[in-house]
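Step one of this worksheet: look at the structure below.
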Amino acid sequence: RDFTINTMAVDLADESFNQIIDPFQGKQDLKKGIIRTPLQPQQTFNDDPLRMMRAIRFATQLSFSIESETLQGVKDCADRLKIISQERITDEFNKILLTSRPSLGIDLLDSCNLLPVFLPELIATKGVEQRRDYHHKDVYYHTLQVLDKIARKSDKLPLRLAALFHDIAKPATKRFDDVNGWTFHGHEVIGEKMVDVILSRLK
């Protein structure tokens with residue numbers, strides 16, 4: 001199995017009926033809220049690289065932490081995600097978007113170098129300043145804030161995708177105006193075209 005918390009089983013033999021079989025201390029990790037691979041992380045993630053997305057999805061859904069060696073294993077194996085079909089990646093990503101605080105999962109995807117594999121356009125929003133009289137965060141963190149606010153109001157995936165992509169074209173349209181400061185004229189028009197391409201690629 002992929003993580004210790006789902007390597008447990010119930011014994012059905014008459015003499016030991018209902019006893020928990022737990023060879024990798026999954027019950028302990030479950031109590032502590034820890035995501036850990038039962039084998040060496042590199043082996044687990046090389047066997048099925050989608051497990052890296054699942055680690056982040058479980059951590060986000062359950063408010064668990066990813067054990068340090070397992071987290072490093074994700075970072076070391078991140079490039080392996082490229083061999084996974086886009087449909088499987090998107091399914092896990094959508095589940096992250098549908099959590100109560102999707103920003104936590106997206107930040108983990110970013111820090112583990114998984115986000116650039118399937119959504120480089122979002123990475124491009126990092127460090128993109130905005131007018132300080134309207135925004136106090138760069139486009140990336142503003143986007144995550146909007147996404148979390150939508151998540152508190154609705155569990156509809158299309159709305160969460162709209163929040164995620166509403167400023168996706170700001171890096172491409174950023175200009176500096178001596179009077180107004182940073183501007184992003186037409187970002188909604190360019191963004192619509194970009195989202196067409198992105199959603200087609202994400203299938």
Side-chain angles (χ1 to χ4, degrees), residues 1-119 122 144 147-161 163-164 202-203:
R1 304 298 300 171
D2 44 11
F3 307 112
T4 58
I5 59 172
N6 57 19
T7 57
M8 294 178 283
V10 175
D11 199 329
L12 300 179
D14 289 339
E15 65 277 7
S16 53
F17 185 77
N18 218 27
Q19 287 185 15
I20 298 293
I21 301 167
D22 183 16
F24 297 102
Q25 289 75 55
K27 194 173 179 181
Q28 179 179 304
D29 284 349
L30 196 59
K31 284 181 179 177
K32 291 182 178 179
I34 293 172
I35 305 295
R36 183 199 315 270
T37 56
L39 306 177
Q40 285 297 314
Q42 284 80 359
Q43 181 179 341
T44 297
F45 298 140
N46 276 319
D47 286 347
D48 183 0
L50 191 70
R51 288 168 173 165
M52 298 183 287
M53 296 282 295
R54 283 167 56 80
I56 289 170
R57 192 248 294 181
F58 284 146
T60 309
Q61 280 181 329
L62 303 171
S63 298
F64 280 18
S65 60
I66 302 176
E67 179 265 338
S68 58
E69 283 188 26
T70 300
L71 189 64
Q72 186 59 51
V74 175
K75 294 175 182 178
D76 292 343
C77 298
D79 206 48
R80 290 274 296 161
L81 190 66
K82 292 176 181 176
I83 71 168
I84 298 298
S85 71
Q86 186 57 59
E87 288 87 348
R88 294 181 74 205
I89 294 172
T90 297
D91 183 56
E92 287 296 333
F93 184 57
N94 286 346
K95 288 173 182 175
I96 291 169
L97 288 181
L98 288 170
T99 60
S100 59
R101 282 192 65 194
S103 65
L104 299 177
I106 292 175
D107 253 349
L108 272 172
L109 289 169
D110 175 37
S111 66
C112 290
N113 304 317
L114 293 173
L115 200 56
V117 174
F118 65 94
L119 196 52
L122 190 57
L144 296 191
L147 181 58
D148 279 352
K149 285 185 177 181
I150 287 288
R152 291 198 291 271
K153 299 290 185 182
S154 172
D155 60 0
K156 293 180 179 177
L157 181 62
L159 280 179
R160 297 191 184 201
L161 287 167
L164 183 68
L202 295 181
K203 300 187 184 297

For the student: nearest non-hydrogen atoms of [X] and [Y], plus distance:
X      : Y      : value
Pro49  : Leu81  : O-CD1, 3.9 Å
Leu159 : Ser154 : CD1-OG, 3.4 Å
Thr60  : Gly105 : OG1-CA, 3.1 Å
Met8   : Ile5   : CE-O, 3.4 Å
Leu147 : Pro102 : CG-CG, 3.6 Å

Any sub-3.5 Å donor-acceptor pair from Glu67's side-chain atoms to Glu69's backbone N or O?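 Pair found, side chain donor or acceptor close to backbone of Glu69.
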Thr90 side-chain N/O to Leu202 backbone N/O, donor-acceptor pair under 3.5 Å: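 Side chain of Thr90 to backbone of Leu202: a pair is present.
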Determine whether Thr4 and Thr37 satisfy the following criterion, side chain to side chain contact (heavy atoms under 4.5 Å, CB included), listing intermediate values before the conclusion. CA-CA 6 Å; Thr4 58; Thr37 56; over 6 Å; no
Taking the side chain as C-beta and beyond, is there a heavy-atom pair between [X] and [Y] under 4.5 Å?
X      : Y      : result
Arg160 : Asp155 : yes
Asp48  : Ile84  : yes
Phe3   : Arg36  : no
Phe45  : Thr70  : yes
Gln72  : Pro41  : no
Leu164 : Phe93  : yes
Leu157 : Leu98  : yes
Asp79  : Asn113 : no

Calculate, to the nearest 0.5 Å, the distance between atoms [atom1] and [atom2] belonging to [X] and [Y] respectively.
X     : Y     : atom1 : atom2 : answer
Phe17 : Leu12 : CZ    : CG    : 6.0 Å
Arg54 : Gln61 : CZ    : CD    : 9.5 Å
Thr7  : Asp2  : OG1   : CG    : 9.5 Å
Asp47 : Leu39 : CG    : CG    : 7.5 Å
Ile89 : Met52 : CD1   : CE    : 8.5 Å
Leu30 : Ile35 : CG    : CD1   : 8.5 Å

Testing Leu108, Leu104, Ile56 one by one against Ile96 for a side-chain contact (heavy atoms from CB on, under 4.5 Å), which residue passes?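 Among Leu108, Leu104, Ile56, the one that satisfies the side-chain contact (heavy atoms from CB on, under 4.5 Å) with Ile96 is Ile56.
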Between Asp110 and Leu122, is the side chain to side chain contact (heavy atoms under 4.5 Å, CB included) condition met? List the steps. CA-CA 9 Å; Asp110 175 37; Leu122 190 57; over 6 Å; no
For atom NZ of Lys75, decide whether the heavy atoms of other residues, nucleotides or ligands shown that lie under 6.0 angstrom number more than 12.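 Yes - once you tally the heavy atoms of other residues, nucleotides and ligands closer than 6.0 Å, there are more than 12.
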Taking atom CD of Gln40 as the centre, does the number of heavy atoms from other residues, nucleotides or ligands within less than 6.0 Å exceed 12?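 No.
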Taking atom types as modelled and ignoring hydrogens, do the side chains of Gln25 and Asp29 form a donor-acceptor contact shorter than 3.5 angstrom?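 Short answer, no.
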Can you list the steps and then say if Leu71 with Cys112 is a side chain to side chain contact (heavy atoms under 4.5 Å, CB included)? CA-CA 8 Å; Leu71 189 64; Cys112 290; 3.5 Å; yes
Can Ile21 and Val10 be said to form a side chain to side chain contact (heavy atoms under 4.5 Å, CB included), step by step? CA-CA 6 Å; Ile21 301 167; Val10 175; over 6 Å; no
salt_bridge([X], [Y]) N-O dist < 4.0 Å:
X      : Y      : answer
Asp22  : Lys27  : no
Asp91  : Lys95  : yes
Asp107 : Arg101 : no

Run the ring-centre check on Phe58 versus Phe64 and record whether the distance is less than 6.0 Å.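 That pair fails the under 6.0 Å test.
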